[in-house]
Number of protein chains: 2
Amino acid sequence: MEISYKEKTFFTNKDLALSVIGGRWKIAIIWCLLQQSPLRLSEIQSYLPEVNQRMLIRQLRELEEDKIVTRVVYPVVPPKVEYQLSEVGLLLEPVVTSICDWGDHFRTFLEENSAETSGK
Amino acid sequence: MEISYKEKTFFTNKDLALSVIGGRWKIAIIWCLLQQSPLRLSEIQSYLPEVNQRMLIRQLRELEEDKIVTRVVYPVVPPKVEYQLSEVGLLLEPVVTSICDWGDHFRTFLEENSAETSGK
DNA sequence: CGGCATCCGACAAGATACTG
DNA sequence: CAGTATCTTGTCGGATGCCG
């Protein structure tokens, strides 16, 4: 069994943060919910077609347990469930933004590199 | 065989970024190299005792391939190898910082929550 | 529609022993 | 010290079927 952060008081901030958002698809999910909110499961799926449903649900559950994401179930037929970021979850916006910004830098870096290589 | 980002031109910035720094221990490694640079393998290990050596080496290799980290080998006995962040790698500082900052927020959030729970 | 359960193959990760 | 080889364990992902 895994030891949750609740038992680990000696975590550094980065360890604590990574234990929560370090999951394979979590940043991507949070990114979606920053783009648009609330979102239904099927909508998240269309944002992230590369993630299979089982994984998506798992990661959503974990985010929900950690109170990053809130899940609202409407008792209707057919079922309707909406996901959105909690208050702490919304505070992740700078994280996602900085990652996207860096992605931009990195893309530029790659292009410069390939230009050098092809221009020899 | 895995398709590298080099063949994928349709990536969004976030996908590109995550494909590079999304590895399980990569943020942690980059964090180390931001604390102190250069670092030897054994030093990184002491920073990150929870990561086993094989994984550490793998992730370092991947970061090296993506030109995030540079690896310098000194031809001496006993062997000496130093790792440090490249220029693009150093640009990841805001990412790591924002993650740590959020970790701080989240810790506060947890403490407030447990205070509520225990104080009922 | 949202979600869980199951089976199954592929591969990532962990522990440990070993080499130059 | 840095890194490899090997074996075991665990996680991921697809497919499929079932339920409210």
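So you know, we letter chains A, B, ... as the sequences are listed, proteins then strands, and number each from 1.
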Please give, in whole Å, the distance from C:dA12 C1' to B:Leu56 CG?
-> 15 Å

Whole Å only: how far is the CG atom of A:Leu60 from the P atom of C:dG3?
-> 8 Å

Does anything in residues 69-77 of chain A reach DNA chain C, meaning a heavy atom under 4.0 Å, and if so which residues?
-> A:Arg71

CD1 of A:Ile99 to CD1 of B:Ile27, rounded to nearest 0.5 Å, is 6.0 Å

Atom pair CG (A:Leu16) and SG (B:Cys100), whose distance is rounded to the nearest 0.5 Å | 10.5 Å

What residues form a side chain to side chain contact (heavy atoms under 4.5 Å, CB included) with A:Thr70, not counting sequence neighbours?
-> A:Gln84, A:Ser86

side-chain hydrogen bond (donor to acceptor under 3.5 Å, both in side chains) partners for B:Lys26, two or more places apart = B:Glu62

Please round to the nearest 0.5 Å and tell me the distance separating atom CD1 of B:Ile68 and atom CG of B:Leu33.
-> 11.5 Å

Could you list, one pair per line, each protein nitrogen or oxygen that sits under 3.5 Å from a nitrogen or oxygen of nucleotides 13-20 of chain C, together with the distance?
unit_1 : atom_1 : unit_2  : atom_2 : d
C:dA13 : N7     : B:Arg54 : NH2    : 2.9
C:dG14 : N7     : B:Arg54 : NH2    : 2.5
C:dG14 : O6     : B:Arg54 : NH2    : 3.0
C:dA15 : N6     : B:Arg54 : NE     : 3.1

Which residues satisfy the salt bridge (Lys or Arg N to Asp or Glu O under 4.0 Å) test with B:Glu87, sequence neighbours excluded?
-> none

Could you note down all residue pairs passing salt bridge (charged side-chain N to carboxylate O under 4.0 Å, His left out) where residues 72-83 of chain A supplies at least one of them, sequence neighbours left out?
-> A:Lys80-A:Glu82

Which distance, rounded to the nearest 0.5 Å, do you find between the NZ of B:Lys14 and the CD1 of A:Ile30?
-> 12.0 Å

Taking only residues two or more places apart in sequence, or in another chain, which ones meet B:Asn13 in a side chain to side chain contact (heavy atoms under 4.5 Å, CB included)?
-> A:Asp104, A:Arg107

Nearest-0.5 Å distance that lies between atom CG in A:Leu18 and atom CH2 in B:Trp31 = 10.5 Å

Near DNA chain C, under 4.0 Å by heavy atom, which residues of residues 36-49 of chain A?
-> A:Arg40, A:Leu41, A:Ser42

Any residue meeting side-chain hydrogen bond (donor to acceptor under 3.5 Å, both in side chains) with B:Asp101, in chain and number order, not counting sequence neighbours | none

Counting just side-chain N and O atoms, does A:Tyr83 come under 4.0 Å of either OP1 or OP2 of C:dG3?
-> yes

Pair listing, ring pair (Phe, Tyr, Trp, His ring centres under 6.0 Å) test, anchored in residues 43-102 of chain B, at least two apart | B:Trp102-B:Phe106

So what is the end-to-end bend of the helix from C:dC1-D:dG20 to C:dG20-D:dC1, with 5 pairs used at each end and the value given to 10 degrees?
-> 40°

Quick one: list whatever passes side-chain hydrogen bond (donor to acceptor under 3.5 Å, both in side chains) with A:Glu93, sequence neighbours left out.
-> A:Thr97

